[in-house]
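Report on the following structure.
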Amino acid sequence: MLRALSGLTTRGRCLLAAGIAAAVCSLVLNERDLLRVAIFVIALPLLVAAYISATRLRLGAARALRPERVAVGSTGEVHLELWRSGRLPGGEVLLEDGVPYALGTRPRFVVERLPHERRVLLRYPLQPGLRGIHQVGPLRATLTDPFGLCEFERELIGHSRLVVVPQVVPLWGLPGGSGVGAGDDGSVRLHSGQGEPDVIVRHYRTGDDMRKVHWRSTARRDEIMVRVEERPWRGGTTVLLDHRAAAHHGSGQAASLEWAVSFAASVALHLRRAGHRVRLVTEHGLVLSDLPGDGGAGYDNVALDTLAALQTAHQRDVTLGHDPAEGQELIAILGTVSAESVHELTRYRPRGIRSLAVLLDTPSWAGTASPDHLAAATEDSAELLRAAGWGVVIAGPHTPMPEVWTQLCRTGTNRTAMIGGAP
């Protein structure tokens, strides 16, 4: 009974107090008619509380997320089913589902009369604005009587997991020789069954080890040619994602990190669907996912789920200690990088293997950069990468990702492309 009384509203408590006061007055004044009224006033909220307490245990509900994995900027939908299993008629039901702010507004439904033999279907949209692993719920029901004397809250459903993956932008084209552990010309080292293996050579560059000069090719071409480092037997591309908090600017979906994550997802899925093995790694060499070049969409979901759950790192500098691509082609998506970080990225990379970088003008994501400042803020890092033989594309917040990818496919190792506000 005490549990039932705990559900009385302010109106119900006032009515109960008025009934008790009327009963006391009827005893003092010896008024039997007033006592009858007092008994009715006292009994009404008590009976309503007992009734609502009994019917609230007979509610059931189910939740379904359509789909359970949705991209940023897309629209999902939640289906709710509500039913009553008891034979007692139910009162008004107020439903409220817990929805994080990143998924949209919190929905509320009022079901005045819940039928007994069929389920009530309710729907509401989800509009995710930020990637991540979100929890939808719990679903709470508030049952009230028609007089507003009593109400009870009950949790009908717990939490449901919704994965909001980064937006994937369609891309076209491939860098020359990409995905095969290639050098500048897209060639690979081939071993025959007998004899000396074929050798890949390229033009000499300042700083190359003279011990790698291939004298036979040098004599034939009348210019210094050097041997290219041995390639891995399996082809593939490594996509390096810089997710340091200190390397990015902006907040929410407009942050430079979110642009970088979306571009990394787009590149990884584009290359994998083209039949290339793709490795996703961080700026510290941690492997996020390793996707084979064959297989169904399940591998895409693995990469997207990993990127959806990716949080910012708190280290200030890039620390590798080894070649993050393990001899494969490397595409690095970088935020603000210091000279030490550039040195860490380039010191372990063989010069004969393609290395590409998308360098983000991160101050422009905070609204502090001008077109002139874009080149000034990133030119030093771009020059250092270019001097190490990397192809570099500088991108701003309004740069279309397909345009960045097109420029990345076209750029060579001896020039830097500047787009997205560059002069």
Side-chain angles (χ1 to χ4, degrees), residues 7 52 55-86 90-144 151-168 243 251-253 255 257-258 261-262 264-265 268-269 280 288-289 296-312:
I52 296 296
T55 57
R56 76 188 182 96
L57 300 177
R58 304 181 182 276
L59 285 179
R63 181 197 295 121
L65 304 180
R66 307 288 178 81
E68 296 183 352
R69 181 184 291 101
V70 61
V72 173
S74 302
T75 301
E77 194 172 54
V78 178
H79 292 191
L80 297 175
E81 286 187 345
L82 187 66
W83 66 87
R84 177 169 57 88
S85 58
E92 183 180 86
V93 181
L94 172 64
L95 296 175
E96 184 176 11
D97 208 1
V99 175
Y101 76 94
L103 299 182
T105 58
R106 178 169 296 184
R108 288 188 175 185
F109 302 95
V110 176
V111 181
E112 296 184 354
R113 292 183 180 181
L114 192 61
H116 172 64
E117 296 182 351
R118 64 183 180 87
R119 299 188 177 193
V120 175
L121 177 61
L122 304 172
R123 301 179 182 179
Y124 66 89
L126 293 177
Q127 297 177 334
L130 192 64
R131 65 177 177 85
I133 310 297
H134 300 282
Q135 299 293 333
V136 177
L139 176 65
R140 299 185 181 275
T142 302
L143 288 81
T144 60
E151 66 179 17
F152 285 96
E153 281 193 4
R154 182 189 175 191
E155 182 177 312
L156 299 180
I157 313 175
H159 293 89
S160 298
R161 182 172 178 266
L162 178 68
V163 181
V164 180
V165 300
Q167 185 180 16
V168 176
H243 72 305
S251 60
Q253 187 57 28
L257 176 61
E258 299 306 316
V261 171
S262 179
L269 267 60
L280 276 171
L288 298 176
S289 60
Y299 290 106
D300 293 350
N301 293 336
V302 170
L304 292 176
D305 289 354
T306 301
L307 291 174
L310 185 67
Q311 301 295 322
T312 55

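- Considering every non-hydrogen atom in both Val99 and Gly104, the closest pair reads CG1-O, 4.0 Å.
- You'll find the side chain of His159 reaches within 4.5 Å of the side chain of Pro138, heavy atoms only.
- In this structure, Val168 and Leu304 have side chains that are in contact, with non-hydrogen atoms separated by less than 4.5 Å.
- Annotation: side chain to side chain donor-acceptor pair (under 3.5 Å) contacts of Glu81 (sequence neighbours excluded): Arg119.
- Sequence neighbours left out, the pairs with a member in residues 120-131 that pass side-chain hydrogen bond (donor to acceptor under 3.5 Å, both in side chains) are Asp97-Tyr124, Arg131-Glu258.
- Applying the side chain to side chain donor-acceptor pair (under 3.5 Å) criterion to Thr142, with sequence neighbours excluded, gives no partner residue.
- For Leu288, the side chain to side chain contact (heavy atoms under 4.5 Å, CB included) test picks out Leu280, Thr282, Thr306, Leu307, Leu310, with sequence neighbours left out.
- No side-chain heavy atom of Phe109 sits less than 4.5 Å from a side-chain heavy atom of Val120.
- Within the model, atoms CZ of Arg161 and CD of Gln135 stand 7.5 Å from one another, a figure rounded to the nearest 0.5 Å.
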Atom pairs and distances, donor-acceptor, side-chain atoms in residues 65-74, under 3.5 Å, two or more places apart:
unit_1: Arg69; atom_1: NE; unit_2: Asp305; atom_2: OD1; d: 2.8
unit_1: Arg69; atom_1: NH2; unit_2: Asp305; atom_2: OD2; d: 2.9

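- By the side chain to side chain donor-acceptor pair (under 3.5 Å) test, His134 pairs with no residue at all, sequence neighbours left out.
- Without hydrogens or angle criteria, Ser262 side chain to Gln167 main chain gives a donor-acceptor distance under 3.5 Å.
- Residues Leu82 and Leu156 form a side-chain contact, since some pair of their non-hydrogen atoms from C-beta on lies under 4.5 Å apart.
- For Glu155, the side chain to side chain donor-acceptor pair (under 3.5 Å) test picks out no residue, with sequence neighbours left out.
- A distance of 6.5 Å separates NE2 in His79 from CG in Leu121, rounded to the nearest 0.5 Å.
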